[in-house]
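One structure is given here, and the rest of the page talks about it.
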There are 2 protein chains.
Amino acid sequence: MCRLFGSMTRSNLRRTVLSVLGVFAVCQTFPTPNDRDRMMKAEQFEFMGGNLLLTNKETKVNDILMKIKTKEIAEGMETGKFPPAMHFFSAKELIKQSTVFNILRKLPKGAALHLHDYALLNVDWLVKNATYLPNCYICFTAAGGIRFHFFLRSPQKRLSKCSEWVLLEEYRHQLENVTEFDNSLFRNLTLVTENPEEAYQSQNIIWRRFEDLFKAASSLISYAPVFKTYFYEALREFYHDNVLYIEIRALLLPVYELDGTLHDKEWSIIAYQEVAKRFQHDNPDFMGAKVIISTPRKINNSEMKTTIFEAMKFYKTFPETIAGFDMVGQEDVGHPLWYFKNELLIPREVGVNLPFFFHAGETDLEGTSVDENILDALLLNTSRIGHGYSINKHPMAKRISREFKVPLEVCPISNQVLMLVTDLRNHPAANLMAEGHPMVISADDPAAFGACGLSYDFYEAFMGIGGVKAELTTLKQLALSSIKYSAMSVKTKAECIKLWLRKWDEFLDEVLDMSNRDEL
Amino acid sequence: MCRLFGSMTRSNLRRTVLSVLGVFAVCQTFPTPNDRDRMMKAEQFEFMGGNLLLTNKETKVNDILMKIKTKEIAEGMETGKFPPAMHFFSAKELIKQSTVFNILRKLPKGAALHLHDYALLNVDWLVKNATYLPNCYICFTAAGGIRFHFFLRSPQKRLSKCSEWVLLEEYRHQLENVTEFDNSLFRNLTLVTENPEEAYQSQNIIWRRFEDLFKAASSLISYAPVFKTYFYEALREFYHDNVLYIEIRALLLPVYELDGTLHDKEWSIIAYQEVAKRFQHDNPDFMGAKVIISTPRKINNSEMKTTIFEAMKFYKTFPETIAGFDMVGQEDVGHPLWYFKNELLIPREVGVNLPFFFHAGETDLEGTSVDENILDALLLNTSRIGHGYSINKHPMAKRISREFKVPLEVCPISNQVLMLVTDLRNHPAANLMAEGHPMVISADDPAAFGACGLSYDFYEAFMGIGGVKAELTTLKQLALSSIKYSAMSVKTKAECIKLWLRKWDEFLDEVLDMSNRDEL
């Protein structure tokens, strides 16, 4: 349907837009069947990306893409196995076989703006590389979890509620089946399981597991040599998934050396900066990374005050690396934003700029104090809304987000795995997409979910959330929005758009080539 | 929060409303934390029923109700067993123990406007009464289903793909465990099962089972003596559930006598009319019932033409009993509304009034021809929208429904059991409730879901869909809307409101009494 606007001149388009908008006037009287075409055009025009003009080349690619997409949806309906309607853990293998997914992998997706420090990179890398480094010790927690630490010598002291530390090299040596053991590490470092419905019977249960695997992963990643390599490899993973730039929420936990030296937050920021620069140097067609300083939402007011002053300092000292500030952890059990209003208003009061990127509305519960986060995030001047899952239940907040273009960072797989929604066609972003609401797609914690990069989430957004209506224009809009709403400087954004346009053109050519070679 | 408006005079209210609406003006500039109170009031004002004034008595009852509600929600969060987040089959026993539910049972709920002929009444009645009538035969289908028929003499002829007919009286006589057999009949006549996720792996699978149980039930109910008693008992069930009036979608299938005489559609209409009048005579504080003539959406265009002419005739002949016309059956596999546009426009063309009550948007799929039903139902001038589950994905249709007050008939349990949504806090009506969108709550096919009357659906709407924000005003608005949007005449509506107000007042007294006696 978007093609309606595809081959038009700009003045034609303007006329069409006006006639489409005329439907609103029609609405003064009850519409009749004669209004059907205009109303359907208006609805498609309002859909995310529906107002973008398509070039001839784009129109061709859209035809190819939509033909494949429609076929895959029909197949899903027929077999009853439609990936966006299934749990990602069972859907993943089907998605990998999808032609749409393989096109989306090639798509230049712009920026990934909602990611967390310890769940960026495929866990395979951690298991197969980090845990094989010399001096890596493991211990087992009473609750069935694992922790790692690198020691120069075998330590005498245990962690509380944990087994003794065992040198992994020795431990593996005495095992009959190392592969099975490594698989068990993988399972411990992700939420992936065969029967998620049985394993995770409530949101609280899965959140405790989620927090535990973060502790396990961070105990590995906080070792200085792992820390830097992990981030470099993560950048590589996103880069290979055709992501141009990322922003990560980082706790900036202490990083340690083998001799026990502990590094502070500043060291971590400089490390992120240095690795990102090195990666950009190695891959000039990558736009880099920024850090959103994050703190657990369970801290108290005086800790928050200290944290805010620290964040202001870091934002001033490292303007190229620090994007702003956020809070992390399960919203339903943490302090609501308003609890910290005095602390969060400090930057405004002292006249210092500190952009906020608040998680808000990552909840199914309406009307609780936590549910007020969505409005409060906006009142506290957030630059984007992390998740914003419940925004449709808040018409006032929704209007502000729309009118003032405060976009939502939508993370489909995360919301499904963390049990906010089962069938992704029901994701609240489906309504928002239909209304062209400002949003970007992100991956949250791909490593924890057994995903990788951004393409799986783009698949769910394009096939599930967007329904049959999402077309090439929708993908283009999502990519462009991710650059527009990033924390990059105006100058860098312009460069990024230029780079993206080049990659977009290459992508279009590649799809046409594949189609010509009958590879689609 | 509604109490903000509770103790106000009307002129005070007007001022408050204006100041609340002033928030929209504030939105011309980005709001600040100082706007918080006003914005939250505005949001609560926009919520369904948020603009209703509460009397002092209502305010007291609201306080009692909200205290219990908040406690039950907190308990649900703590135990991880919150009924609206669970499948109704597992939630039912918990709901029965809920004090909120027991208050909702007493609530005068107004009208139930979306119900189907063969799934009105608790299946227990069918099993324990209808199947124990003399001359009741049963046979078993190859697919594992059952069919009934009443014969004067043992029949020679089998149904296609079925076992021989067996006289139930004799069959039961030779059974060791009749209770177990009767339970199996119950299971065959409902969708109820212990593990619905395993039993029903796709929407298509559950819809085939759903259609089969309709066939089983209709084979019992189509026997003339059962037909009339079934409807009388159904009215009694809704009446005891404090419903004042119902509208049923009826297929008007042939009804037969023991001697084989077949009755036509007109006979059925007269039977419905006669039974409803008798019930009203026996219970003068009941407002009666109307029939929406319904036809399967799988028929062809020429059959539809005949059906429409017939419906116009019946609507003219039985204006007190016939409310209008609709189509039934799984939307995703049937013809879309637009397929029948020529036939459905006949009444308009010939200048005859035939109100439509179209099912539309009972689908998770966006952008298919079936998904266009939601807009087409409106363009074809529907009086209400059956389900309208997908309306949020259609901003144009949503605006029309809102501006011209074409309400949605929301059936929470039906949508969950038929696999459109898992956690009812995610039901699209949650957004609509937050926006005060016109809607009524109904039960669809309570018998098939193991529900009874309207209270279970009210519970899901009040506790799940409405979240913590739904208060007594929400319930009042839902009840009043159900009367307003019914097919009753203006005069009958006025009577109904009068009756409802009396019952509402009794309800308030009863809650206060129970509270005073510490029974809540």
Side-chain angles (χ1 to χ4, degrees), chain A residues 23-24 27 30-33 35-36 39-40 42-43 46 73 77 80-81 85 197 201-205 332 338 341 345 364-368 371-372 375-376 378-381 392-397 399-400 403-404 419-423 425-426 428 430-431 433-435 466-470, chain B residues 23-24 27 30-33 35-36 39-40 42-43 46 73 77 80-81 85 197 201-205 332 338 341 345 364-368 371-372 375-376 378-381 392-397 399-400 403-404 419-423 425-426 428 430-431 433-435 466-470:
Chain A
V23 171
F24 290 94
C27 276
F30 199 89
T32 72
D35 298 315
R36 187 175 197 252
M39 301 202 78
M40 297 202 19
E43 219 169 71
E46 192 171 352
I73 290 181
M77 296 304 102
K81 290 196 175 254
E197 291 83 2
Q201 305 222 342
S202 76
Q203 289 178 5
N204 285 340
I205 291 173
D332 284 334
W338 201 244
K341 62 179 181 300
L345 287 171
D364 275 326
L365 261 188
E366 186 169 3
T368 59
D371 188 41
E372 288 163 6
L375 183 59
D376 289 335
L378 289 160
L379 294 176
L380 292 164
N381 203 22
N392 287 317
K393 296 178 182 172
H394 297 275
M396 200 53 76
R399 273 178 219 121
I400 302 173
E403 284 171 31
F404 295 96
M419 298 170 70
L420 285 174
V421 60
T422 312
D423 184 332
R425 294 173 298 178
N426 278 321
N431 312 343
M433 230 182 232
E435 295 166 0
V468 185
K469 278 193 189 160
Chain B
V23 171
F24 289 93
C27 276
F30 199 90
T32 73
D35 298 315
R36 188 175 196 250
M39 302 204 77
M40 299 208 6
E43 218 169 71
E46 192 170 353
I73 290 181
M77 294 306 101
K81 289 192 175 257
E197 291 83 1
Q201 305 222 341
S202 76
Q203 290 177 4
N204 285 339
I205 290 173
D332 283 334
W338 201 243
K341 61 178 181 303
L345 288 171
D364 275 325
L365 261 187
E366 186 168 3
T368 59
D371 188 42
E372 288 162 6
L375 182 59
D376 289 335
L378 289 160
L379 294 176
L380 292 164
N381 203 23
N392 287 318
K393 297 178 182 173
H394 296 276
M396 200 53 76
R399 274 178 218 120
I400 301 173
E403 284 170 31
F404 296 97
M419 298 169 68
L420 285 174
V421 60
T422 312
D423 184 332
R425 294 173 298 178
N426 278 320
N431 313 342
M433 228 180 233
E435 295 166 1
V468 186
K469 278 194 191 161

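Residue numbering restarts at 1 for every chain, and letters A, B, ... go by the order of the sequence lines.
Contact between A/Leu379 and B/Pro33 at its shortest, heavy atoms only, is O-CD, 3.2 Å. In terms of heavy-atom proximity, A/Asn426 sits nearest to B/Val421 at ND2-CA, 3.9 Å. When all heavy atoms of B/Met396 and A/Glu43 are compared, the closest pair comes out as CB-OE2, 3.1 Å.
To the nearest 0.5 Å, atom OG1 of residue B/Thr32 and atom CG of residue A/Leu380 are 10.0 Å apart. Separating the NE2 atom in B/His394 from the CE atom in A/Met40 is a distance of 9.0 Å, to the nearest 0.5 Å. One finds the CE atom of B/Met77 at 8.5 Å from the CG atom of A/Asn204 (value rounded to the nearest 0.5 Å). In this structure, CZ in B/Arg36 is found 7.0 Å from CG in A/Leu375, a value given to the nearest 0.5 Å. To the nearest 0.5 Å, atom CE of residue A/Met39 and atom CD1 of residue B/Ile400 are 3.5 Å apart.
The contact between B/Asn381 and chain A is made by backbone and side chain atoms together, counting heavy-atom distances below 4.5 Å. For A/Gln203, the part lying under 4.5 angstrom from a heavy atom of chain B is the side chain only. For A/Leu420, the part lying under 4.5 angstrom from a heavy atom of chain B is the backbone only.
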Could you give me the CA-CA distance, side-chain angles and deciding distance for A/Asn431 and B/Asn431, then say whether side-chain contact (heavy atoms from CB on, under 4.5 Å) is met? CA-CA 10 Å; A/Asn431 312 343; B/Asn431 313 342; 3.0 Å; yes
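Other residues, nucleotides and ligands contribute at most 12 non-hydrogen atoms within 6.0 Å of the NZ atom of B/Lys81.
Your options are A/Ser202, A/Ala397, A/Pro395, A/Ala85, and the one with the most heavy-atom pairs under 4.5 Å with chain B is A/Pro395.
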